[in-house]
Amino acid sequence: MKSKISVLLFGMLIVLLSCSEKSVKSLKMEKQKLKALIIDGENNHGVFPKTTMMMKDYLEETGLFDVDIARTKYIWQGPHHNKIEGVDSIQQLLTMYPLADGIERTSVKDPVPDPNYQPDFTKYDLVLSNFGWKASTWSDDVKSNFEQFIKNGGGLVVVHAADNSWGSWEAYNEMIGLGGWDNRSEASGPYVYYNENDSLVYDKRVGSAGSHGPQSEFIMQNRAKDHPVMRGLPAEFKHAKDELYEKLRGPAKNMTVLATALSDKKVNEKRTGHYEPVLMAIDYGKGRVFHTILGHMDYSMESVPFITTLQRGSEWAATGKVTQPVPEDFPQNNELVIRKWDR
């Protein structure tokens, strides 16, 4: 009898230890999650309250990130957006996708600096910018804190119009590699593109920075097949309807062009005829920056290439490696693949 009780007690102890071990492993996994911060509040693309939530979901669905949002008190939703299903006024997005942070916000017709906007970047492994053209200049302290965060090893993701921001901020221009609009010119650095001979060109001619043609679907070329973000992706793949930025220019220091797309003169004679950078990786101090020009609208962000490269680029910027496999639905043979986001 005692022997049976001993065996039973021993079995119970093994089960308890196993459960305890699983709990410890679970806690460790939770502790190991990366912390990401999305910053927004002023964007010429007024759809940003929705696209911020989309990107928050995309990062969190990897299982790698916990994501916070730091939004300015004064909200500027610019006019560069297309019709959004179920929305009559762009301001409706603020109530459809609210932040539960206790801050009362005000919509404004033009950007208004928020003196209390002071995110603590040191709490995070990664910052993702969903700001845009005309974003208010930060205080010197916030700019310095941001620069030090990246220099000391923090990760940064720059999405679409975030490369329109802060054209006179020298350190920011170096972080993002290339930018457009906001008074950027030859003084900001060269145009960078691949020509028809597949040569990477640093073009120092005089001119402004930033343009794009009508939105369209386009084929992207994988230019860095051995880079962690691009490894395993096809040589070419199709992206959904979006703006293809062209004539971006900047310091382009420590920058790798990961992917390009053709600004096709045969389709529109006003286009450049160059293979324009679409995805870029930049080293800044000890930090890493992933720059994607994709993401004009919500439907652009439903493209599997956008989702996949955002997820992989974010992990690389935060850690220097990519552990995520290429998803099974990643487009092959230049087909178009969309994942609807319906929150």
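The structure presented is a predicted model; accordingly, all values stated were derived computationally and were not measured.
With a 6.0 Å radius and a threshold of 12 heavy atoms from other residues, nucleotides or ligands, Glu85 has its CD atom at or below the threshold. For Asp198, the CG atom is densely surrounded, since the number of other residues' heavy atoms within 6.0 Å is greater than 12. The 12-atom threshold is not exceeded at CG of Asn333, counting heavy atoms of other residues, nucleotides or ligands nearer than 6.0 Å. In Lys50, the NZ atom is crowded: over 12 heavy atoms of neighbouring residues, nucleotides or ligands sit closer than 6.0 Å. Summarising the local packing, CD of Gln91 is surrounded by more than 12 heavy atoms from other residues, nucleotides or ligands at distances under 6.0 Å. With a 6.0 Å radius and a threshold of 12 heavy atoms from other residues, nucleotides or ligands, Lys204 has its NZ atom at or below the threshold.
Figure legend: Arg223 and Tyr194 shown as a cation-pi pair, the cationic atom lying under 6.0 angstrom from the six-membered ring centre and within 45 degrees of its axis.
Taking the ring centroids of Tyr275 and Tyr193, they lie at or beyond the 6.0 Å cut-off. For Phe48 and Trp76, the distance between ring centers is not under 6.0 angstrom. For Tyr191 and His274, the distance between ring centers is not under 6.0 angstrom.
Between Trp169 and Tyr172, the ring-plane angle classifies as parallel under the 30° and 60° cut-offs. Using a 30° and 60° split on the angle between ring planes, His80 and Trp133 fall in the parallel class, below 30°. Between Trp138 and Tyr117, the angle of the ring planes lies from 30° to 60°, which puts this pair in the tilted group.
Electrostatic pairing of Lys35 and Asp66 does not count as a salt bridge here, judged by no charged N lying under 4.0 Å from a carboxylate O. Ion pair Arg231/Asp226 not flagged as a salt bridge, since none of the NZ, NE, NH1 or NH2 atoms sits closer than 4.0 Å to an Asp/Glu carboxylate oxygen. A salt bridge is absent between Glu186 and Arg205: the closest approach of a Lys/Arg side-chain nitrogen to an acidic carboxylate oxygen does not fall below 4.0 angstrom. Looking at Lys238 and Glu335, no side-chain N of the basic residue comes within less than 4.0 Å of a carboxylate O on the acidic one, giving no salt bridge. With respect to the salt-bridge test (charged N to carboxylate O, under 4.0 angstrom), the residues Lys340 and Glu302 qualify. With salt bridges taken as basic N to acidic carboxylate O contacts below 4.0 Å, one links Glu60 and Lys56. Electrostatic pairing of Asp114 and Lys73 does not count as a salt bridge here, judged by no charged N lying under 4.0 Å from a carboxylate O.
Nearest heavy-atom pair across Ile293 and Met280 is CG2-CE, 4.0 Å. Across His296 and Tyr299, no two heavy atoms sit closer than the pair CD2-OH, 4.5 Å. Minimum interatomic distance between Gly207 and Arg249 (heavy atoms only, all atoms of both residues): O-NH1, 2.8 Å.
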Worked verdict on Glu42 versus Lys134 for salt bridge (charged side-chain N to carboxylate O under 4.0 Å, His left out): CA-CA 7 Å; Glu42 298 174 313; Lys134 292 181 70 173; over 6 Å; no
Working for salt bridge (charged side-chain N to carboxylate O under 4.0 Å, His left out), residues Asp283 and Arg288: CA-CA 5 Å; Asp283 294 322; Arg288 291 166 297 274; over 6 Å; no
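For the residue pair Thr51 and Asp298, no side-chain donor N or O sits within less than 3.5 Å of a side-chain acceptor on the partner. Using modelled atom types and a 3.5 Å distance limit, the side chains of Glu315 and Thr323 yield a donor-acceptor pair.
Side-chain contact between Leu178 and Asp163 is absent, with no heavy atoms from C-beta onward closer than 4.5 Å.
Hydrophobic clustering, with ILVMFWY side chains joined whenever heavy atoms are under 4.5 angstrom apart, keeps Phe131 apart from Ile75.
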